[in-house]
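So the structure is just underneath, and the comments pick up after that.
What's counted below: heavy atoms across the whole structure, side chains too, no hydrogens, waters or symmetry copies. These figures come from a predicted structure and were not determined experimentally.
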There are 2 protein chains.
Amino acid sequence: SCGGSKSAFTQSGGASYYADKFNGRKTASGTTYRPNKLTAAHNTLPFGTVVKVTNPRNKRTVKVTVTDRGPHAKGRVIDLSRKAARKIDIVDAGVAPVQLKVVRAAKR
Amino acid sequence: SCGGSKSAFTQSGGASYYADKFNGRKTASGTTYRPNKLTAAHNTLPFGTVVKVTNPRNKRTVKVTVTDRGPHAKGRVIDLSRKAARKIDIVDAGVAPVQLKVVRAAKR
């Protein structure tokens, strides 16, 4: 009922997280990957987009900013920073199903 | 015995391959991903580097050109094009251990 607004971007699929070797490396957006920031790699959303990531197994959520590109593997939709992965408790599993919802578009 | 040559870059770890949705998309090097080309994503080797990828389980090998960046997940070292994945028979497994060896450096 918000006139003119587009439907929100949502997506389901697998999440993984960055290996420790990426600490301090450049992301595709030009920023430096820091494991304690709440960032993520997504293949199509503009850099700066804020996405809410939900782990349906435990209902935990985390908001991350898209700063990088990836993942390539089938069924995978997002790679989370270490901190973001910890917040939704997927570090031990390594990969887990998640739901994504864009909560803030990138600044132009 | 080649005076002045450096030791070859070799690496072991997991390989995966590109999901079909990447067909026709731009890679990090600016080329377009085509599933029938022998290309790969690697996180550090310069674009244009040719890498021999060996599947030790079946001794199959394939030579791929690095055109993209990735993967992020722990233990993963390369994402192969669909054709390259087929050549070393990892399509059904999805992920498999491989050995990498640089066989031609990128042109400057």
Side-chain angles (χ1 to χ4, degrees), chain A residues 9 11-35 37-47 53 64 66-86 90-98 100, chain B residues 9 11-35 37-47 53 64 66-86 90-98 100:
Chain A
F9 175 94
Q11 190 177 29
S12 292
S16 185
Y17 63 93
Y18 284 74
D20 290 342
K21 67 180 175 185
F22 287 92
N23 300 357
R25 286 201 199 159
K26 280 269 177 289
T27 64
S29 70
T31 61
T32 300
Y33 170 69
R34 301 288 184 201
K37 299 283 186 180
L38 294 175
T39 61
H42 187 278
N43 279 300
T44 54
L45 291 169
F47 296 136
V53 184
V64 294
V66 176
T67 59
D68 206 0
R69 293 296 177 222
H72 295 133
K74 191 176 172 181
R76 207 69 63 80
V77 295
I78 200 163
D79 284 334
L80 300 173
S81 69
R82 184 82 180 198
K83 183 174 187 175
R86 213 163 43 230
I90 69 164
V91 170
D92 288 346
V95 184
V98 295
L100 308 184
Chain B
F9 175 94
Q11 189 177 29
S12 293
S16 185
Y17 63 92
Y18 284 74
D20 290 342
K21 68 179 175 185
F22 287 92
N23 300 357
R25 287 203 198 157
K26 281 270 177 287
T27 64
S29 70
T31 61
T32 300
Y33 170 70
R34 302 287 184 202
K37 299 283 186 182
L38 294 175
T39 61
H42 187 277
N43 279 301
T44 54
L45 290 169
F47 297 136
V53 183
V64 295
V66 175
T67 60
D68 206 0
R69 293 296 178 222
H72 295 132
K74 192 176 172 182
R76 207 68 62 80
V77 295
I78 200 163
D79 285 333
L80 300 172
S81 69
R82 184 81 180 198
K83 182 174 187 175
R86 212 163 45 230
I90 69 163
V91 170
D92 288 346
V95 185
V98 295
L100 308 184

Can you name the nearest heavy-atom pair linking A:Asp79 to A:Pro71, along with the distance?
OD2-CB, 3.4 Å

Which salt bridge (charged side-chain N to carboxylate O under 4.0 Å, His left out) pairs, counting each pair once, include a residue from residues 68-78 of chain B, with sequence neighbours left out?
none

Of the non-hydrogen atoms in B:Ser81 and B:Lys37, which two are nearest, and what is the gap between them?
OG-O, 2.6 Å

If the condition is side chain to side chain contact (heavy atoms under 4.5 Å, CB included), which residues does B:Pro46 pass it with, not counting sequence neighbours?
B:Thr49, B:Ala106

Mind checking what makes side chain to side chain contact (heavy atoms under 4.5 Å, CB included) contact with A:Val53, not counting sequence neighbours?
A:Val51, A:Val62, A:Val64, A:Ile78, A:Leu80, A:Ile88, A:Val98, A:Leu100

Neighbourhood of chain A inside residues 16-28 of chain B, taking heavy atoms under 4.5 Å as contact
B:Ser16, B:Tyr17, B:Tyr18, B:Ala19, B:Lys21, B:Phe22, B:Arg25

Indicate yes or no for a side-chain donor-acceptor contact from B:Asn43 to the backbone of B:Val77 under 3.5 Å, with no hydrogens or angles considered.
no

